[in-house]
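What you see below is based on every heavy atom in this structure, not just the backbone, and it leaves out hydrogens, waters and symmetry mates.
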Number of protein chains: 2
Amino acid sequence: MTDAEYVNIWMRPERAAYGPTPVHSRAKITEAAVRIADAEGLEAATMRRIAAEIGAGVMSLYRYVPSRENLIELMADQVMGEIDVTDLPSGDWRADLTRYADGLRNMWIRHPWIATVQRSLPSFGPNQLLLVERLMGVLDAFVPIDENLGLVALLNSYVEGTVREEISAAMEVRRSGLSESEWMERSHPYVDRLVKSGEYPIFTKIVMEARQPHLSREDEFRHGLQRVLDCIAAALPSTAES
Amino acid sequence: MTDAEYVNIWMRPERAAYGPTPVHSRAKITEAAVRIADAEGLEAATMRRIAAEIGAGVMSLYRYVPSRENLIELMADQVMGEIDVTDLPSGDWRADLTRYADGLRNMWIRHPWIATVQRSLPSFGPNQLLLVERLMGVLDAFVPIDENLGLVALLNSYVEGTVREEISAAMEVRRSGLSESEWMERSHPYVDRLVKSGEYPIFTKIVMEARQPHLSREDEFRHGLQRVLDCIAAALPSTAES
DNA sequence: CAAGACCGCGTACAAGGTACCCAGTGGAGG
DNA sequence: CCTCCACTGGGTACCTTGTACGCGGTCTTG
């Protein structure tokens, strides 16, 4: 079976039970890559950089991982594993989904590069799969599976959409290499021009509003989450009241 | 003012009013790049490829666009302009938001690479800004601006989240270079192993369900959209009934 | 103990973004 | 009309990055 014959990284055994004892491991490589991506962005996690991080030769990585793309899949699955879904479902679906949503949001904030990686069902890794199992188990007793899929998708979309927005400005600041205040300073003329043009009254309203004291990101998130949960509640039969 | 001094691509004039008449234009370059990305993915839209497409030298592109990253911003704004939001708000907020959601979804399906580009408010281009104006204008009369932001974010998240899911499998198929049936064939052993392991009952349920006849993507989208609109309705004052 | 599969990893190459340079062009000032 | 020079298209070259290939050493199996 040649390399290309494997469906995905999860079907490929890490090592064969033969030959010298490996010095490194997928786990070590993945952790190093995640560490670099967290600190400097996914594009900084080059094969050379990762190899340097763990004190390996660049090409040694390819003994453990078939390609950088596959490594990124490993990274994605790894951070999915950080979301605590033990003991789900607990019986209180609202509490369960809230816990999940918080966990997902915090994970994204810790690993903002996750926003740039595509994932699809057939390439789900073990952590991702377990997450789906536990998460969808929460509503499984109340609704048919496709309704469940829709509701979970709604929740996921809400969380990811919200966090994406939170993240994107922060990512741009980092990408520019400027400090946050320098970056704001730099953006000012553009925003100012738009506001002064008078053509964007609502944009202007947003900018003005942003200067007012308002809810913290956290509270804003909670508020929107309640809305989504209410929306989900409306789709459940009355037997699901918690 | 050196190149780096500009806030973003929108603050930088396309050309100076001096010297020989330019042969190309930002618009032509952007359109070519979008065409390539639509057909072969964003990573196929290299500077060399784009230059070849419009019959220009590679380095000529840099007379119009400071960098590939900025070009991608131009592309993103361009396709945002394809969403028809003329005459919004019409007075019927539900119809307006439905039209917008459909437009957004169709645009994403036409340009799936959009899923991989990050966008943030301070780098919004004219089309994106106009879209925000018109879209948020729909609910502006009914709710305060931060509530409006939250509701619009919910709608956007739903649409983008849903389309991302639709797209991701399709993108993976293309990336693999296989035909869809070959790809399904290839995935089979993995899915089979998971199902047979018995450890993933809900995943199994999803897979089984997928073999049953079910709603079309389109209908599924509409169904979920209704749910989101109901959720938005609940957040509006009674004066907003349409 | 011989064999062969596997180990770490150096070398080398292809692809892609882009800095730099050059010759040619055409509007502004004389 | 001529001169000047900021601008034009674009060729060459460099740097970064992913990764194919091969080598000398190692460890399990027959």
Side-chain angles (χ1 to χ4, degrees), chain A residues 1-4 6 9 12-30 32-33 36-37 40-75 113 116-117 175-177, chain B residues 1-4 6 9 12-26 28-30 32-33 36-37 40-75 113 116-117 175 177:
Chain A
M1 196 181 224
T2 78
D3 284 5
Y6 287 103
I9 181 76
R12 175 193 298 255
E14 174 158 5
R15 317 310 301 275
Y18 205 154
T21 323
V23 177
H24 312 289
S25 69
R26 272 192 193 166
K28 214 171 64 173
I29 293 170
T30 307
I36 296 167
E40 302 165 49
L42 190 59
E43 71 286 345
T46 67
M47 298 306 270
R48 290 169 223 267
R49 186 90 169 60
I50 296 165
E53 179 86 6
I54 63 171
V58 183
M59 292 315 292
S60 301
L61 300 184
Y62 288 91
R63 295 278 176 197
Y64 302 85
V65 164
S67 69
R68 181 166 184 271
E69 282 199 3
N70 278 318
L71 174 55
I72 291 174
E73 283 183 53
L74 289 173
M75 294 167 67
W113 47 266
T116 64
V117 335
R175 218 161 36 81
S176 72
Chain B
M1 197 181 223
T2 80
D3 284 5
Y6 287 104
I9 181 75
R12 175 193 298 255
E14 176 159 3
R15 314 310 301 276
Y18 203 159
T21 324
V23 177
H24 311 290
S25 69
R26 269 190 195 168
K28 216 171 60 171
I29 293 170
T30 307
I36 296 168
E40 301 165 50
L42 190 58
E43 70 287 346
T46 66
M47 298 307 270
R48 290 168 224 265
R49 185 90 170 61
I50 296 165
E53 179 87 6
I54 63 172
V58 184
M59 292 316 293
S60 301
L61 300 184
Y62 288 91
R63 296 279 172 197
Y64 302 85
V65 165
S67 70
R68 182 166 183 270
E69 281 198 4
N70 278 318
L71 175 56
I72 291 175
E73 284 184 54
L74 288 173
M75 294 168 68
W113 47 267
T116 64
V117 335
R175 215 161 39 80

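Considering A/V65, A/N70, A/I72 in turn, A/I72 is the only one that fulfils the side chain to side chain contact (heavy atoms under 4.5 Å, CB included) rule with A/R68.
For the pair B/R49 CZ and C/dG17 C1', the interatomic distance rounds to 17 Å; values are reported in whole Å. The separation between B/E43 atom CD and C/dA14 atom C1' is 17 Å, rounded to whole Å. At whole-Å resolution of the value, CG in A/L61 and C1' in D/dC21 are 17 Å apart. B/R48 places its CZ atom 14 Å from the P atom of D/dC14, with the value rounded to the nearest Å. As rounded to whole Å, 14 Å separates atom P of D/dG10 from atom CE of B/M47. Here the P atom of nucleotide D/dT16 and the CD atom of A/E40 are 15 Å apart, to the nearest Å. Straight-line distance from the OH atom of B/Y62 to the C1' atom of D/dC14: 13 Å, rounded to whole Å. A straight line from CZ of A/R26 to P of C/dG8 spans 13 Å, rounded to a whole angstrom.
For the atom pair A/K28 NZ and A/Y64 OH, the distance stands at 7.5 Å (nearest 0.5 Å).
Counting any heavy atom pair closer than 4.0 Å across all strands shown, B/A56 reaches sugar-phosphate atoms only and no base atom. B/S60 comes within 4.0 angstrom of a nucleotide base, judged by non-hydrogen atoms across all strands. Residue-level contact check: A/V23 touches the backbone only, with heavy atoms under 4.0 Å from sugar-phosphate atoms and none from bases.
Closest approach of A/M47 and A/L71 over heavy atoms only: SD-CD2, 4.4 Å. Closest heavy-atom contact between A/A56 and A/H24: CB-NE2, 3.3 Å.
Comparing atom distances between the B/R63 side chain and each of C/dG17, C/dA12, C/dC21 picks out C/dC21 as nearest. Here the side chain of B/M59 is nearest to one of D/dG9, C/dA12, C/dA19, namely C/dA19. When each of D/dC21, D/dT17, C/dC7 is scored by its nearest atom to the side-chain atoms of A/Y64, the top-ranked nucleotide is C/dC7. Checking C/dC9, D/dT19, C/dA19 against every side-chain atom of A/H24, the shortest atom distance belongs to C/dC9.
Remark: side-chain polar atoms of B/E73 are not paired, donor with acceptor, to backbone N or O of B/I9 under 3.5 angstrom.
Comparing B/E69 and A/E14 by the nucleotide of DNA chain C that holds the closest heavy atom to each, the one mapping nearer the 5' end is A/E14.
No N or O donor and acceptor, one from the side chain of B/R68 and one from the base of C/dG17, sit under 3.5 Å apart.
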